[in-house]
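Everything on this sheet refers to the single structure shown next.
Here, residue 1 is the first one in the sequence, and each next residue gets the next number.
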Amino acid sequence: MKYFHLIWAALARSKTRTLLTLMSVVAAFLLFGMLDSVRVAFNSGGSVAGANRMVTMSRLSITQMLPYSLDAQVRAVPNVKKAAFAAWFGGIYRDPKNFFANFSVSPDYLDLYPEFKLPAAQKKAWLADQRGAIVGEALAKQFGWKVGDTIPLQATIFPTKGSNDWQFTLRGIYHVDDPKQKAQERVLFFHWKYFDEANDYVKGRVGWWIVEPSNGGSADRVAKAIDTLSANSDHETKTQSEAAFNQSFAKQFADIGLIVSAIMGAVFFTLLLLTGNTMAQAVRERIPELAVLKTIGFSNRSVLWLVLGESVLLVVLGGVLGMLLAAVIVPMVSAASGGMIQLPGLLGQTWGIGLALMVGIGVLVGLLPALRGMRLNIVDALAGR
């Protein structure tokens with residue numbers, strides 16, 4: 001650290017160039033911090049241990065539906081406290097831009113989601129109406145729906161009586177108290193029995209079961225017992241935590257982790273080119289100064305470490321600033337989305353990867369200029385050759 005003032009002076013030699021490069025590094029690591037939070041969010045939740053809710057789905061794919069005959073067997077598994085089932089519907093309201101989640105569910109589905117607050121009178125009305133539907137408060141506000149309204153949905157998968165037009169009567173509007181879970185208010189639920197009888201595509205099939213193990217039951221044991229029910233059949237199941245299920249559901253549309261990794265790779269490749277050019281230019285301009293340092297007694301190794309220290313300091317300084325900005329922005333994005341985007345913030349692993357990248361990039365971009373400075377011939381450098 002005794003040469004820190006020399007390294008800092010070298011960075012301050014061309015303030016404009018250093019500032020622009022620093023801003024580029026800040027932007028790169030700001031993107032890294034935010035995108036890595038997205039990657040962690042989509043890759044978390046793979047274990048069922050300690051899960052309050054589990055999901056049983058087809059082992060092959062979430063798009064493969066399961067026989068309704070499994071329902072009684074799943075509910076009869078030891079240490080299963082509650083169970084309900086659902087199926088993806090995929091209807092569109094008037095325009096493809098008005099896409100939102102909509103499911104057909106068993107009547108006891110809400111029993112597994114106590115966070116969904118539905119007035120008792122509205123729940124009773126919904127259960128009594130086979131064509132009834134309930135929606136979240138956010139969705140009702142978006143489209144101006146009121147209890148009693150007719151909601152037309154255009155089916156994208158399941159036609160009814162030769163038509164894609166389905167109609168539901170809004171019987172209830174639920175809300176979620178937790179502001180971080182407000183995205184749960186953007187869902188429409190209707191009765192699976194109506195779906196099963198009215199659709200022309202499948203009969204006696206469900207998408208998945210939601211299972212809540214009893215307090216004394218091990219989630220792992222319950223999961224294995226449920227999957228044993230259909231072992232060696234044409235409808236084998238996979239029981240996992242609800243978080244892992246949501247992750248696999250999102251991956252139907254795209255492999256978010258792969259996309260994020262590709263973007264980060266492109267960002268850091270560009271950063272390597274930019275900072276590498278900056279360091280090469282900075283060392284070329286200071287060749288006479290480096291020769292003077294060698295003349296007054298600095299060893300080749302000292303010159304090498306001075307140039308490497310300059311590049312590492314530049315990248316680490318910008319990287320830390322970018323990561324700190326990301327740490328502030330990520331929670332703001334989650335809060336502003338009303339729970340639709342739930343990011344975990346910058347975890348220890350993100351900081352660890354980020355710091356390793358900072359040092360690695362700093363060494364990589366500074367190595368060739370540092371080697372040039374180390375091998376510098378004093379006479380040739382002072383002579384301008």
**Check: N79 side chain, P213 main-chain N or O, donor-acceptor pair, under 3.5 Å** = no
**Prompt:** Quick check: does any side chain N or O of R205 sit under 3.5 Å from a backbone N or O of M65, one acting as donor and the other as acceptor?
**Reply:** yes
**Beyond-backbone contact of W208 with F103, side-chain heavy atoms, under 4.5 angstrom** = yes
**Request:** Carefully, step by step, assess D108 and R75 under the rule salt bridge (Lys or Arg N to Asp or Glu O under 4.0 Å).
**Result:** CA-CA 12 Å; D108 52 359; R75 295 173 187 269; 2.8 Å; yes
**Request:** Check whether the ring centres of F89 and W166 lie less than 6.0 Å apart, and answer yes or no.
**Result:** yes
**Asked** Crowded around Y68 OH? As in, over 12 foreign heavy atoms under 6.0 Å?
**Response** no
**Prompt:** Counting distance only, does the side-chain N/O of D227 pair as donor-acceptor with the main-chain N or O of T239 below 3.5 Å?
**Reply:** yes
**Prompt:** Using 30° and 60° as the class limits, which term best fits the ring planes of F190 and F195: parallel, tilted or perpendicular?
**Reply:** perpendicular
**Message:** Does any part of the side chain of I361, heavy atoms only, come nearer than 4.5 Å to the side chain of F29, both counted from C-beta?
**Reply:** yes
**Asked** So does R17 have more than 12 non-hydrogen atoms from other groups sitting under 6.0 Å from CZ?
**Response** yes
**Prompt:** Is it true that a side-chain atom of D71 and a backbone atom of V74 form a donor plus acceptor pair closer than 3.5 Å?
**Reply:** no
**Asked** Is the shortest heavy-atom distance from the side chain of I226 to the side chain of K238 under 4.5 Å?
**Response** no
**Request:** List the steps and the verdict of side chain to side chain contact (heavy atoms under 4.5 Å, CB included) for K117 and Y174.
**Result:** CA-CA 5 Å; K117 309 297 184 183; Y174 68 87; 5.8 Å; no
**Fill in**
Taking every heavy atom of G90 against every heavy atom of T156, the minimum-distance pair comes out as O-OG1, 2.6 Å
**Message:** Has N232 got a side-chain atom pairing as donor or acceptor with S230's backbone, closer than 3.5 angstrom?
**Reply:** no
**Message:** I'd like to know if the side chain of K203 reaches the main chain of E197, judged simply by a donor and an acceptor atom lying under 3.5 Å from each other, with no hydrogens or angles considered.
**Reply:** yes
**Asked** CD/Q184 to CZ/F116 distance, rounded to the nearest 0.5 angstrom?
**Response** 4.5 Å
**Prompt:** Should L19 and L325 be regarded as members of a common hydrophobic cluster, given that ILVMFWY residues are connected when their side-chain heavy atoms come within less than 4.5 Å of each other, either directly or indirectly?
**Reply:** no
**Request:** Kindly give the heavy-atom pair with the smallest separation between L66 and S58, and that separation in Å.
**Result:** CD1-N, 3.8 Å
**Item:** Heavy-atom closest contact (G362 atom, S311 atom, distance)
**Value:** O-OG, 2.7 Å
**Request:** Supply the atom-to-atom distance H191 NE2 to F168 CZ, rounded to the nearest 0.5 angstrom.
**Result:** 10.5 Å
**Prompt:** What's the spacing between Y194 OH and D129 CG if we round to 0.5 Å?
**Reply:** 9.5 Å
**Message:** Quick check: do M54 and S241 have side-chain heavy atoms less than 4.5 Å from each other?
**Reply:** no
**Asked** Does D149 reach the main-chain N or O of L170 with its side chain, forming a donor-acceptor pair under 3.5 Å?
**Response** no
**F143 six-ring face occupied by R94 cation (under 6.0 Å, within 45°)** = no
**Prompt:** Is a side-chain donor or acceptor of R171 paired with a backbone partner of K123 at a separation under 3.5 angstrom?
**Reply:** no
**Message:** Which heavy atom of D95 sits nearest to which heavy atom of K97, and what is that distance?
**Reply:** OD1-N, 2.8 Å
**Message:** Counting C-beta onward and ignoring hydrogens, is there a side-chain heavy-atom pair between E185 and H175 closer than 4.5 Å?
**Reply:** yes
**Request:** Please report the closest heavy-atom contact between G132 and W126, naming both atoms and the distance.
**Result:** O-NE1, 3.2 Å
**Asked** Can you say whether the rings of F100 and Y93 are parallel (under 30°), tilted (30 to 60°) or perpendicular (over 60°)?
**Response** tilted
**Asked** Looking at T160 and A198, what are the two nearest heavy atoms and their distance?
**Response** OG1-O, 2.9 Å
**Side-chain heavy-atom pair R186, Q142 within 4.5 angstrom cut-off** = yes
**Message:** I'd like to check W145 versus I151 (side-chain heavy atoms, cut-off strictly below 4.5 Å). Are they in contact?
**Reply:** yes
**Prompt:** Heavy atoms, side chains only, cut-off 4.5 Å: are I173 and I134 in contact?
**Reply:** no
**Request:** Examine distances only and state if a side-chain atom of S24 and a backbone atom of L20 form a donor-acceptor pair shorter than 3.5 Å.
**Result:** yes
